[in-house]
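Data block below; observations after.
Just so you know, ligand 1 is whichever comes first in the structure, and atom 1 is the first atom listed for that ligand. Since the structure is predicted, the reported quantities are computational estimates derived from the model, not experimental observations.
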Amino acid sequence: MKFFIDTANIEQIKEAQALGILDGVTTNPSLMAKEGITGYDNIMNHYKTICDIVEGDVSAEVIAIDFDGMVREGEALAALHPQIVIKLPVIAEGIKACKYFSDKGVKTNVTLVFSAGQALLAAKAGATYVSPFLGRLDDVSTDGLALIEEIRLIYDNYAFETQILSASIRHTMHIIECAKIGSDVMTGPLSAIKGLLNHPLTDIGLAKFLEDYKKGN
Ligand code: G3P
């Protein structure tokens, strides 16, 4: 399973990259705003900075909600750096734009996916990635992981090549359950990624090893 970090925070991206396990980055307008990155030029420069830090795919979201605007923004984003993936909302215009870009061999990430039907259309349009938001489904008392399972089943039935990018990951168990289901990618916060390391027996065991070493030296 690929590990993407879901942030526009440069320090966190660098920290995840330094761990040696990072396969890419996802961003969205809210994550950009959270870091105080506003204005077209600043946003474009920020994407370039991120691409210079990581080696994998970097999802950059369009703001337009009409086909022409999505194509215009997507082309500008794709021209920024070869690692950029165009992130498009799963609305009719977004599906059309996804097909337009996939026909041209430009990578896409269809986002804001909350149903199997939306994921099916994204795959039909040739999306590189589909982003079901599992945490936001959990927030409204709906099983987010069940959606990942449904999409996995449908994509496997027809050998769709679209990769399931489980998004809106909130904690370590989301990551582990996604791995069990066979999600191709997960994107989550640094806290959830680093949280996978935590185990009290590891801490106790390490302290004991170091203590015993000191006794013998
Ligand atoms: O990648 C999607 C993500 O940014 C949404 O996460 O935590 O805002 O639901 P969240």
Neighbour list for ligand 1 [protein residues, heavy atom under 4.0 Å] = Asp6, Asn28, Leu31, Phe133, Arg136, Ala167, Ser168, Arg170, Thr187
With sequence neighbours excluded, tell me which residues meet side chain to side chain donor-acceptor pair (under 3.5 Å) with Glu15.
-> Lys194
Connected to Val185, directly or through other members, by ILVMFWY side-chain contacts below 4.5 Å are Phe4, Val85, Tyr129, Leu165
Side chains of Ser183 and Ser166: do they bring a donor and an acceptor to under 3.5 Å?
-> yes
Worked verdict on Lys87 versus Asn28 for side chain to side chain contact (heavy atoms under 4.5 Å, CB included) = CA-CA 8 Å; Lys87 207 171 179 189; Asn28 62 40; 4.1 Å; yes
Which residues satisfy the ring pair (Phe, Tyr, Trp, His ring centres under 6.0 Å) test with His46, sequence neighbours excluded?
-> none
Establish, from distance only, whether the side-chain atoms of Thr26 and Thr187 form a donor-acceptor pair under 3.5 Å.
-> yes
